[in-house]
Amino acid sequence: MRDFYIAHEEDIKAGKTTDVYLIRTRKVLREKGIRRKVFADVTTTSLPNGWKWGVLAGVEEVAKLFEGMPVNVYAMPEGTIFHPYEPVLQIEGYYDDFGIYETALLGMLSQASGIATAALRVKIAANFKPVYSFGIRHMHPAIAPMIDRSAFIGGCDGVSGVLGAEMIGEKAVGTMPHALILTVGDQVKAWRYFDEVVEPEVPRTALVDTLCDEKFEALMAAEALGERLNAIRLDTPSSRRGNFRRIIEEVRWELDLRGYNWVKILVSGGLNEESIVKIADVADAFGVGSAIASAKPIDFSLDTVEVEGKPVTKRGKLSGRKQVYRCEKGHYHRVPADKKLEKCPVCGAKIEPLLKPLIENGEIVAELPKAREIREYVLEQAEKFNLTLD
């Protein structure tokens with residue numbers, strides 16, 4: 001027996017993390033000698049919470065899942081902004097070769113895209129000020145690196161997970177826990193000990209809501225560390241929070257009044273896009289937990305749209321191969337694959353196809369960019385297409 005209820009990479013590649021009816025389907029097809037080439041779309045008909053757009057994530061893992069298999073895969077580049085009813089990924093091959101991987105494929109895209117989308121929405125809510133993902137403690141540790149990567153490419157400026165940060169080539173970020181202050185028994189000593197022991201390149205951010213009023217602890221931290229203090233962190237519990245905006249404003253006032261205007265204010269504790277909108281102008285940075293890490297997955301489905309070259313699909317879906325075009329101004333167009341668009345039908349601007357080869361007969365043919373490159377792409381789209389929370 002395993003110690004933890006997790007699937008290893010070899011389990012996923014072997015098709016063991018699938019729904020059993022897919023295994024039975026392959027058994028039926030093979031025993032009856034039915035071997036047909038199909039073309040399938042991955043789409044969603046709606047996004048969580050009425051969202052109008054999503055951020056595609058998980059493409060790299062899908063590429064690694066199908067690497068070496070006799071299939072062709074087409075996908076939007078990871079980090080692309082997409083909408084309901086637009087295929088974000090397509091797969092072509094004999095169904096009995098790839099059908100058992102439907103569950104893993106959808107899981108990889110659905111959860112990662114939900115987290116990346118939530119991250120970008122929080123980033124927009126924060127007026128693009130620094131946002132840090134602190135939420136892996138709310139999810140199973142086995143998927144912590146996936147959460148951190150998805151949050152980062154969605155727009156977060158840093159992630160707290162050690163392994164997740166390492167896997168995406170970044171440095172983990174974080175401040176200090178209340179446990180440090182409580183164990184030391186004195187907040188000023190705890191801040192000074194942190195300053196003395198932790199590597200100098202780590203920003204000095206003092207947690208200032210453990211034992212006393214926030215503004216008084218903020219001043220104590222500023223006096224104790226002086227110019228070495230980079231920021232103070234407000235993690236005030238909801239039972240003591242009251243008007244959080246007023247608390248932040250008071251802290252800012254008292255720091256500025258005494259000349260500590262360089263000290264930033266990082267806020268955390270149960271934040272989401274709605275609460276951040278209300279304080280985005282008075283806080284300098286945001287540590288966000290479950291609103292990103294526990295974001296609702298996007299309900300992608302894999303649907304056969306062509307069998308042996310003939311368009312066919314289930315009720316409620318659109319058959320046939322498709323392409324999604326996007327113009328420089330952000331207009332999207334879903335069309336039959338054989339309909340080539342040269343310019344945007346709406347504004348006449350330059351247009352490009354978004355579904356591009358990812359795998360050709362088992363070989364990864366697309367570039368798999370680093371997480372930081374994907375993040376830059378996501379934020380570039382957000383600014384260029386003026387994405388909003390509405």
Side-chain angles (χ1 to χ4, degrees), residues 9 11-30 34-45 54 56-80 82-113 297-314 316-325 334-338 353-368:
E9 290 186 7
D11 296 321
I12 299 171
K13 289 284 284 187
K16 292 183 178 180
T17 58
T18 194
D19 295 300
V20 68
Y21 72 96
L22 297 172
I23 298 288
R24 293 167 181 159
T25 297
R26 183 176 67 173
K27 179 179 176 66
V28 170
L29 293 176
R30 289 185 171 178
I34 300 172
R35 185 164 170 79
R36 292 174 180 163
K37 182 169 286 189
V38 306
F39 193 93
D41 287 345
V42 174
T43 59
T44 183
T45 57
L56 180 62
V59 174
E60 180 178 318
E61 285 193 315
V62 171
K64 297 298 177 65
L65 174 66
F66 286 107
E67 185 176 18
M69 296 185 193
V71 296
N72 298 323
V73 180
Y74 310 88
M76 292 182 179
E78 189 150 19
T80 297
F82 69 92
H83 308 89
Y85 298 100
E86 295 168 353
V88 298
L89 184 140
Q90 301 164 322
I91 184 165
E92 177 182 30
Y94 288 99
Y95 184 82
D96 63 303
D97 285 336
F98 74 81
I100 64 169
Y101 297 100
E102 175 180 338
T103 308
L105 157 68
L106 295 177
M108 288 173 173
L109 294 179
S110 295
Q111 190 166 23
S113 297
I298 291 175
D299 191 10
F300 285 120
S301 64
L302 178 71
D303 297 293
T304 297
V305 297
E306 179 185 283
V307 177
E308 291 294 337
K310 297 181 179 180
V312 61
T313 192
K314 61 184 281 189
K317 302 290 182 175
L318 300 178
S319 64
R321 302 187 182 213
K322 306 165 192 72
Q323 179 58 269
V324 178
Y325 288 89
R334 182 196 60 203
V335 299
D338 58 1
L354 292 179
L355 290 162
K356 303 173 182 180
L358 177 65
I359 291 179
E360 291 182 356
N361 197 28
E363 180 183 354
I364 298 176
V365 295
E367 178 186 356
L368 299 178

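For the pair Q90/L355, a side-chain contact is recorded, criterion being any heavy-atom separation below 4.5 Å from C-beta on. A 4.5 Å side-chain heavy-atom check between S113 and F300 finds at least one atom pair inside the cut-off. Taking 4.5 Å as the limit, some side-chain heavy atom of M76 sits within range of a side-chain heavy atom of V324. Looking at heavy atoms from C-beta onward, P84 lies out of side-chain contact with T45 at the 4.5 angstrom threshold. For the pair K322/V305, a side-chain contact is recorded, criterion being any heavy-atom separation below 4.5 Å from C-beta on. Between L106 and E102, the closest side-chain pair of non-hydrogen atoms falls below 4.5 Å. Residues V59 and L358 are in side-chain contact: their nearest non-hydrogen atoms beyond the backbone lie under 4.5 Å apart. Looking only at side-chain heavy atoms (C-beta outward), Y74 and E92 come within less than 4.5 Å of each other.
Between F66 and Y101, the angle of the ring planes goes over 60°, which puts this pair in the perpendicular group of the 30/60° scheme.
Atom-to-atom distance recorded for I298:CD1 and Q111:CD is 11.0 Å, nearest 0.5 angstrom. Between the OG1 atom of T43 and the CZ atom of R334 there is a distance of 9.0 Å, given to the nearest 0.5 Å. Put simply, CG on L354 and CG on L56 are 10.0 Å apart, with the number rounded to the nearest 0.5 Å. Separation of atoms OG1 (T25) and CD1 (I100) is listed at 11.0 Å; rounding is to 0.5 Å. Between the CE atom in M69 and the CD1 atom in I91 there is a gap of 8.0 Å [rounded to 0.5 Å]. How far CZ of R35 is from OH of Y94: 6.0 Å, rounded to the nearest 0.5 Å.
Counting only distance, with no hydrogens or angles, the side chain of T44 and the backbone of D299 share a donor-acceptor pair below 3.5 Å. E78 places a side-chain N or O within donor-acceptor distance of the main-chain N or O of E60, the cut-off being under 3.5 Å. The main-chain N or O of A104 is never found under 3.5 Å from a side-chain atom of T17 such that the two would form a donor-acceptor pair. Looking at R30, its side chain does come within 3.5 Å of a backbone N or O of D96 through a donor-acceptor pair. Judged by distance alone, the side chain of E86 and the main-chain N or O of H83 form a donor-acceptor pair under 3.5 Å. D11 contributes no side-chain N or O that, together with a main-chain N or O of K16, makes up a donor-acceptor pair within less than 3.5 Å. Looking at E67, its side chain never comes within 3.5 Å of a backbone N or O of I364 through a donor-acceptor pair.
Counting all heavy atoms, side chain and backbone alike, G58 lies closest to A112 at N-CB, 3.9 Å. Nearest heavy atoms, L302 versus A40: CD1-CB, 3.6 Å.
Residues that satisfy the side-chain hydrogen bond (donor to acceptor under 3.5 Å, both in side chains) test with D303, not counting sequence neighbours, are S301, K317. For K13, the salt bridge (charged side-chain N to carboxylate O under 4.0 Å, His left out) test picks out no residue, with sequence neighbours left out.
Using a 3.5 Å distance cut-off with no hydrogens or angles, the side chains of T103 and T18 do pair a donor with an acceptor.
Salt bridge annotation for D41-R321: absent, with no cationic side-chain nitrogen under 4.0 angstrom from a carboxylate oxygen.
The distance between the ring centers of Y95 and F39 does not fall below 6.0 angstrom.
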- prompt: Can N361 and V71 be said to form a side chain to side chain contact (heavy atoms under 4.5 Å, CB included), step by step?
  reply: CA-CA 5 Å; N361 197 28; V71 296; over 6 Å; no

field: Derivation and outcome, side chain to side chain contact (heavy atoms under 4.5 Å, CB included), residues T313 and T304
entry: CA-CA 6 Å; T313 192; T304 297; 5.6 Å; no

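Remark: E308 CD is packed, more than 12 non-hydrogen atoms of other residues, nucleotides or ligands lying under 6.0 Å away.
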